[in-house]
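Per chain, numbering begins at 1; letters A, B, ... match sequence-line order.
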Amino acid sequence: MTTTPPVRSPDFVATEYPPPEELSTRGRAVRLVREKPRLVMGITLLVIFAGLAIFGPLFVGDPLKTDPSGAFLRPSANHWFGTDNFGRDVFARAVHAARLDLTIGVIISAMALLVGSAIGVVSGYFGGRVDELVMRLTDIIMAFPGFVLALVIVAALEDSTKNVVIAVSVSYVPYFIRLTRGQVLIERELEYVDGARLAGNNSWRVAFRHVLPNALGPSIVGATLVTGFAILTVAGLAFLSVGIQPPTAEWGVMVGEGAKDIITGEWWTSLFPGAMIVAAIMAFHFIGDELGGDTRL
Amino acid sequence: MLKVKGLDLGVVGSPNLLLRDVSFDVRAGEIVGIVGESGSGKTMASLAVMGLLPSSVELRGGSIQLDGRELIEAVGQGDRPSANISMIFQQPRSALNPTMRAGRQVARALELNQGLSRSDAAGEAIAMLHTVGIAGAERVARAYPHQLSGGMCQRVLIAMAMACRPRVLIADEPTTSLDVTIQAQIFDLIRTLVGETGCGVLFITHDLAAVAEMADRVVVMYGGQVMETAGVNALLGDAEHPYTRYLL
Amino acid sequence: MKLYLAKRLLTSLATIVGIVVVVFFIVRVVPGDAASLRAGPYATQERIDQIAAKYGLSDPIGKQFADYISNIARGDLGVSIRTDQPVLRELLDRLPASLELAVYSVLLAVLIGIPLGVLAAAKRGTWIDNLARVFAVVGSSMALFWLGLMFIFFFAFRLGWFPGPVDRLGVGTDPPPHITGFYTVDAALNGQFAVMWEAFRYLALPVFTLGLVLAAHILKNVRVSMIEALDSDFVRTARAIGVSRRKILFVDSFRNALIPITTMIGIVFGFMLGGNIIVEFLFSWPGIGRYAYEAISTRDLESLQGFVIVVGILYVALNIVIDIAYARIDPRIRLGRTTSS
């Protein structure tokens with residue numbers, strides 16, 4: 001018994017499915033929002049913050065300018081976020097803080113990524129005793145909660161923005177070492193590595209020019225998450241008056257100064273900067289999440 | 001006994017059809033092979049019969065009947081349509097729960113499908129492991145899946161499937177990830193079980209040699225449609241459809 | 001399993017040694033002028049010399065290291081620059097306060113996070129799941145110091161439901177007789193229920209701050225682990241043999257999800273050790289986190305050194321406990337990988 005259902009085209013290898021609909025750009029955008037709302041939200045937030053950070057300081061007032069007579073003004077049309085105890089415009093400070101914090105976050109993430117992935121590639125590719133040593137060291141560094149480690153490093157140096165960046169970068173290096181090394185272990189078994197070796201490249205060239213670029217995938221995704229958490233760490237340290245100090249306009253510094261004002265009921269000096277921290281980190285979180293990052297950090 | 005007619009399956013939210021007008025039968029005691037490349041829809045068809053479709057896939061039409069009883073409603077609702085159809089899958093070790101002993105997993109199938117008590121099921125499980133050709137069934141029953149070889153795991157899964165006393169056993173590429181020697185043993189096992197219980201088998205594979213060995217009848221699928229259905233000898237000897245000829 | 005444990009203990013020991021060395025490096029080797037850093041910006045030369053002499057900061061590094069190691073081996077974590085008291089003693093005095101806060105916070109986090117995570121995985125794609133995911137993201141992105149501050153503002157100052165951030169008990173209340181160091185437990189054991197109630201009221205805001213943020217992390221983790229289990233091949237098998245949806249959720253999936261969840265709890269505790277400094281500072285909680293803050297703000301590197309070592313050791317010890325639990329849950333680790341055919 002043979003059944004031959006109708007075949008649409010004369011050649012049996014033709015596709016049976018109708019061709020995908022042609023979508024306009026607008027239609028595609030709508031579908032993106034519907035299918036990946038979190039990614040869209042993250043990117044939107046990021047764009048807003050980036051805009052604020054890059055262009056904001058051109059339009060707002062001086063974040064350091066004090067005005068004792070205009071202290072503790074409530075949020076109004078003149079001062080969107082009100083003024084603080086020195087009469088400084090909170091919104092102006094918050095915008096400048098956005099520039100500072102986002103820049104710091106990106107720098108920390110980039111530095112940790114650079115150093116971590118370089119070490120990770122060497123460790124993963126060459127293996128052996130070097131690998132053992134590196135793994136042992138990362139275990140030790142990861143035995144400290146990141147915040148505590150950064151805290152101690154800044155304490156050993158002096159309070160400054162530069163030192164905070166160094167300290168927090170150091171605390172994230174192990175994360176990137178692990179990510180890169182993990183990927184390198186997979187990559188080095190692949191055929192192109194043999195090809196590169198046979199072509200006469202020495203090991204270092206193979207490791208850095210061929211394997212590393214392919215092993216960076218998870219690390220790049222991780223970097224988006226790390227940017228957010230780095231900002232959180234820096235702000236947290238600043239809140240404790242460690243690292244970045246007042247009167248620098250930094251979100252953590254602002255919340256730290258504003259904490260005292262809470263008792264007398266001036267909520268706006270701490271609420272707005274803090275909210276911006278959360279919003280900024282959420283942006284990185286959303287993006288990193290949707291890109292497939294393992295947020296089980 | 002199992003009659004699938006005109007089955008249409010689509011992706012939710014898209015007009016594309018994954019399966020189009022798929023029909024085949026499986027009778028008692030016969031082994032029907034479904035052959036096709038990856039993506040031909042052979043696995044989808046069997047998942048539909050089992051009610052194990054992923055949530056992104058929906059039924060759009062057709063009928064699935066077992067011994068005259070229509071199962072399409074239950075499949076549409078996402079329940080297990082019939083306790084009389086069992087299925088075994090491709091990667092046997094990952095198909096077993098890593099934190100549960102092998103014997104317990106078989107026993108559970110017995111408790112759920114034969115209404116046995118816990119203690120009865122435990123004993124019967126060992127018997128079933130024996131039936132599927134496992135020597136030292138007691139030791140294996142106490143073992144965890146990671147301690148067993150791939151072939152052993154597949155036998156455990158077959159035991160679990162047979163514990164449901166199925167009228168139809170669907171075997172989706174059961175030996176693809178196993179050794180050739182083990183493959184022969186599993187084939188023998190399936191044939192023995194067919195002989196002993198009279199169940200029908202839907203044997204899914206991309207390997208024509210396997211089909212030649214096992215099947216009584218063959219259904220050829222491509223691109224979500226049935227291309228040809230014939231007795232195995234007829235098909236191998238003198239296939240009608242150009243795609244079948246291409247496969248051969 | 002015995003072999004596995006022995007290995008873990010050995011590596012943990014090595015890690016602790018490493019921690020001790022790294023801390024020394026950071027605290028003694030890195031700073032430019034160790035003595036004046038510790039003496040502070042307003043110190044006289046006399047004071048700087050005094051500190052240098054007392055802590056051996058002018059000695060050659062080798063000798064400093066040897067003294068350091070031999071001290072630690074004897075359990076001597078040094079003496080605080082600020083208070084002139086032995087650091088270990090000061091830390092141990094403050095540890096119960098931190099532990100009480102930590103335990104209640106983790107309890108709250110687990111009670112919220114695990115059920116919600118399971119629920120979100122079970123009802124994947126529904127509004128429940130989406131709400132849970134929003135909570136997870138917001139909570140994980142949350143700045144502890146800001147959340148705590150807002151809680152204080154709303155619930156303590158504006159609404160007056162809870163007391164302000166002063167301590168573990170009100171000014172006029174004496175702590176209960178010491179048994180465990182947990183005020184809530186000790187008060188209950190001594191029948192001082194009014195004190196117990198007050199202790200809870202003072203615990204409430206810091207516990208909610210920490211607990212909610214931790215809950216978000218836990219929820220995220222549980223949800224992902226459960227979904228992995230639910231999408232797995234063995235759950236498909238379970239469905240094929242007719243296991244009910246409820247059983248699949250709680251028996252098949254959860255058991256397997258416990259493995260990554262246990263790992264996560266280790267991470268959670270680690271987070272808390274860092275978070276505790278901020279929360280204890282904000283709520284004036286007299287624990288080791290607060291101690292660390294005081295040390296840092298006075299550049300008391302000797303106390304800070306002790307704190308970090310203690311925290312590092314606690315973390316390593318915790319990880320061993322987690323690993324033991326891990327080994328019990330996962331038969332692949334418990335029994336080792338052997339294949340029989």
K.L.:
Say you draw a straight line from CZ of Arg236(C) to CE of Met87(B); how long is it, rounded to the nearest 0.5 Å?
P.N.:
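Rounded to the nearest 0.5 Å, the CZ-CE separation comes out at 6.5 Å.
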
K.L.:
Count the heavy atoms belonging to other residues, nucleotides or ligands that lie under 6.0 Å from CD of Gln114(B), then report whether that count exceeds 12.
P.N.:
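Count over threshold, so yes.
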
K.L.:
Could you pull out the closest heavy-atom pair between Gly51(B) and Arg239(C), with the gap in Å?
P.N.:
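Nearest heavy atoms, Gly51(B) then Arg239(C): O-NH2, 3.7 Å.
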
K.L.:
Val243(C) versus chain B, heavy atoms under 4.5 Å apart: side chain, backbone, both or neither?
P.N.:
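When you check distances to chain B, atoms from both the backbone and side chain of Val243(C) fall under 4.5 Å.
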
K.L.:
Tell me, side chain or backbone of Leu96(B) under 4.5 Å from chain C's heavy atoms, or both, or neither?
P.N.:
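Looking at Leu96(B), just its backbone touches chain C.
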
K.L.:
Is the backbone of Ala95(B) close enough, under 3.5 Å, to the side chain of Thr237(C) for a donor and an acceptor to pair up by distance?
P.N.:
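Pair found, side chain donor or acceptor close to backbone of Ala95(B).
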
K.L.:
Name the member of Ile85(B), Asn97(B), Ile88(B) that forms the most heavy-atom pairs with chain C at distances under 4.5 Å.
P.N.:
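Highest number of heavy-atom pairs under 4.5 Å: Asn97(B).
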
K.L.:
How about Arg118(B): does its CZ atom have over 12 heavy atoms from other parts shown lying under 6.0 Å from it?
P.N.:
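Counting other residues, nucleotides and ligands, CZ of Arg118(B) stays at 12 neighbours or fewer.
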
K.L.:
Based on non-hydrogen pairs under 4.5 Å, which of Gln90(B), Met100(B), Glu111(B) is most in contact with chain C?
P.N.:
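Of Gln90(B), Met100(B), Glu111(B), Met100(B) has the most heavy-atom pairs under 4.5 Å with chain C.
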
K.L.:
Is Leu157(B) in contact with chain C via its backbone, its side chain, both, or neither, using a 4.5 Å heavy-atom distance?
P.N.:
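The side chain, not the backbone.
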
K.L.:
State whether the number of non-hydrogen atoms from other residues, nucleotides or ligands found under 6.0 Å of Phe208(C) atom CZ is greater than 12.
P.N.:
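No.
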
K.L.:
Could you tell me which portion of Thr99(B) (side chain, backbone, both or neither) has an atom closer than 4.5 angstrom to a non-hydrogen atom of chain C?
P.N.:
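For Thr99(B), backbone and side chain are both near chain C.
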
K.L.:
So which of Pro145(B), Pro166(B), Ala161(B), Ser94(B) has the biggest tally of heavy-atom pairs under 4.5 Å with chain C?
P.N.:
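It is Ser94(B).
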
